[in-house]
Amino acid sequence: MPMNRKLYPKNWDAIARSLKESANWTCQQCGRPCRRPDESAEELVERLYNTPRWRDDLVDMIDGGPLGAIAKFRTGRFVLTVAHLNHRPEDCRPENLRALCAPCHCRMDLQAMSTKRAIALERQGQLNLFGADQ
């Protein structure tokens, strides 16, 4: 589901930036180093290309036909996001937030699709019979 900015506090950008900085721009789930705000895509590639653990995830080699193999850099996998563990964007308590790389955040959201659907229905007026955490 796309991010609905109306559900987030007005200072969300500052909250998210602070968490990312405290995590040293590193995913708190898998340890993936992520792109810093002042870092270009080229600088990210240069920083990570010689790190064997991340090189395979950073570069896809594709068949360039007569040109041979061409490196396609997947820098989108190295974007740091902030996830709400309970999937409620208005709940910005530090214990409910985690700095996650894009792949980890996507995995978390996919695993919680039924929870996210239930929360969306609650926002539309559906009663929750199981309490706020269900």
Side-chain angles (χ1 to χ4, degrees):
M1 290 183 209
M3 181 178 178
N4 182 351
R5 292 292 283 200
K6 291 184 258 180
L7 299 175
Y8 290 75
K10 288 183 178 17
N11 64 340
W12 171 247
D13 290 337
I15 292 169
R17 174 102 184 212
S18 176
L19 182 64
K20 292 172 185 180
E21 287 173 352
S22 69
N24 195 27
W25 295 89
T26 300
C27 178
Q28 293 178 308
Q29 182 74 30
C30 71
R32 178 188 305 263
C34 292
R35 186 174 172 185
R36 298 170 186 275
D38 58 344
E39 185 174 41
S40 71
E42 292 79 16
E43 291 169 328
L44 174 71
V45 168
E46 187 176 312
R47 177 166 59 98
L48 298 180
Y49 190 76
N50 292 319
T51 307
R53 178 173 180 199
W54 302 114
R55 181 179 30 235
D56 289 343
D57 212 25
L58 178 64
V59 181
D60 283 339
M61 298 306 287
I62 58 174
D63 182 9
L67 299 174
I70 298 174
K72 179 179 180 183
F73 294 102
R74 305 292 301 253
T75 57
R77 296 176 182 173
F78 294 84
V79 172
L80 195 62
T81 64
V82 175
H84 291 82
L85 301 180
N86 67 1
H87 304 284
R88 296 182 182 273
E90 64 277 5
D91 183 358
C92 294
R93 294 171 296 128
E95 61 269 17
N96 186 47
L97 301 176
R98 210 61 89 242
L100 299 179
C101 64
C104 285
H105 198 158
C106 285
R107 272 191 291 279
M108 184 187 93
D109 282 349
L110 283 172
Q111 292 169 353
M113 285 309 285
S114 61
T115 299
K116 292 172 71 91
R117 276 193 289 275
I119 291 169
L121 288 172
E122 283 178 36
R123 286 192 188 107
Q124 296 170 15
Q126 175 72 46
L127 295 177
N128 181 343
L129 300 176
F130 303 104
D133 293 336
Q134 296 294 320

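Computed from a predicted structure; not experimentally measured. Count residues from 1 along the sequence.
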**Message:** Restricting to ring-ring contact (aromatic ring centres under 6.0 Å, His included), what partner residues turn up for Y8, sequence neighbours left out?
**Reply:** W12, H84

**Fill in**
Of C34, C104, P33, the one forming a side chain to side chain contact (heavy atoms under 4.5 Å, CB included) with L80 is C34

**Request:** Working to the nearest 0.5 Å, report the span between CG of N86 and CG of D91.
**Result:** 4.5 Å

**Request:** Could you list the residues that satisfy side chain to side chain contact (heavy atoms under 4.5 Å, CB included) with P52, not counting sequence neighbours?
**Result:** R55

**Message:** Using the rule that Ile, Leu, Val, Met, Phe, Trp and Tyr join whenever any side-chain heavy atoms are under 4.5 Å apart, tell me whether W54 and V59 fall into a single cluster.
**Reply:** yes

Would you mind writing out the side-chain donor-acceptor pairs for residues 60-68 within the sub-3.5 Å range, not counting sequence neighbours?
from: D60; atom 1: OD2; to: R74; atom 2: NH1; distance (Å): 2.9
from: D63; atom 1: OD1; to: G65; atom 2: N; distance (Å): 2.9

**Request:** For P89 and P9, work out which heavy atoms get closest and say how close.
**Result:** O-CD, 3.7 Å

**Qualifying side-chain hydrogen bond (donor to acceptor under 3.5 Å, both in side chains) pairs with a residue from residues 26-35, counting only residues at least two apart or across chains** = R32-D57

**Prompt:** For the hydrophobic clusters of this structure (ILVMFWY residues joined by side-chain heavy atoms under 4.5 Å, transitively), does one cluster hold both L48 and F73?
**Reply:** yes

**Separation between CZ of R47 and CZ of F78, rounded to the nearest 0.5 Å** = 9.5 Å

**Prompt:** Nearest heavy-atom pair of L100 and M108: which atoms, and what distance?
**Reply:** CD1-SD, 3.9 Å

**Backbone of L19 reached by a side-chain donor or acceptor of S22 within 3.5 Å** = yes

**Request:** May I ask whether V82 and L7 are part of the same hydrophobic cluster, defined by side-chain heavy atoms of I, L, V, M, F, W, Y residues being less than 4.5 angstrom apart, directly or through others?
**Result:** yes

**Message:** How long is the straight-line distance from CG of N11 back to CZ of R17, given to the nearest 0.5 Å?
**Reply:** 14.5 Å

**Item:** All salt bridge (charged side-chain N to carboxylate O under 4.0 Å, His left out) counterparts of E46, not counting sequence neighbours
**Value:** none

**Item:** From CA spacing to verdict: salt bridge (Lys or Arg N to Asp or Glu O under 4.0 Å), R36, D38
**Value:** CA-CA 6 Å; R36 298 170 186 275; D38 58 344; over 6 Å; no

**Prompt:** Do you know the tightest heavy-atom contact between C30 and C27?
**Reply:** N-SG, 3.5 Å

**Message:** Holding to salt bridge (charged side-chain N to carboxylate O under 4.0 Å, His left out), I want the full list of residues that pass it with E43, two or more places apart in sequence or in another chain.
**Reply:** none

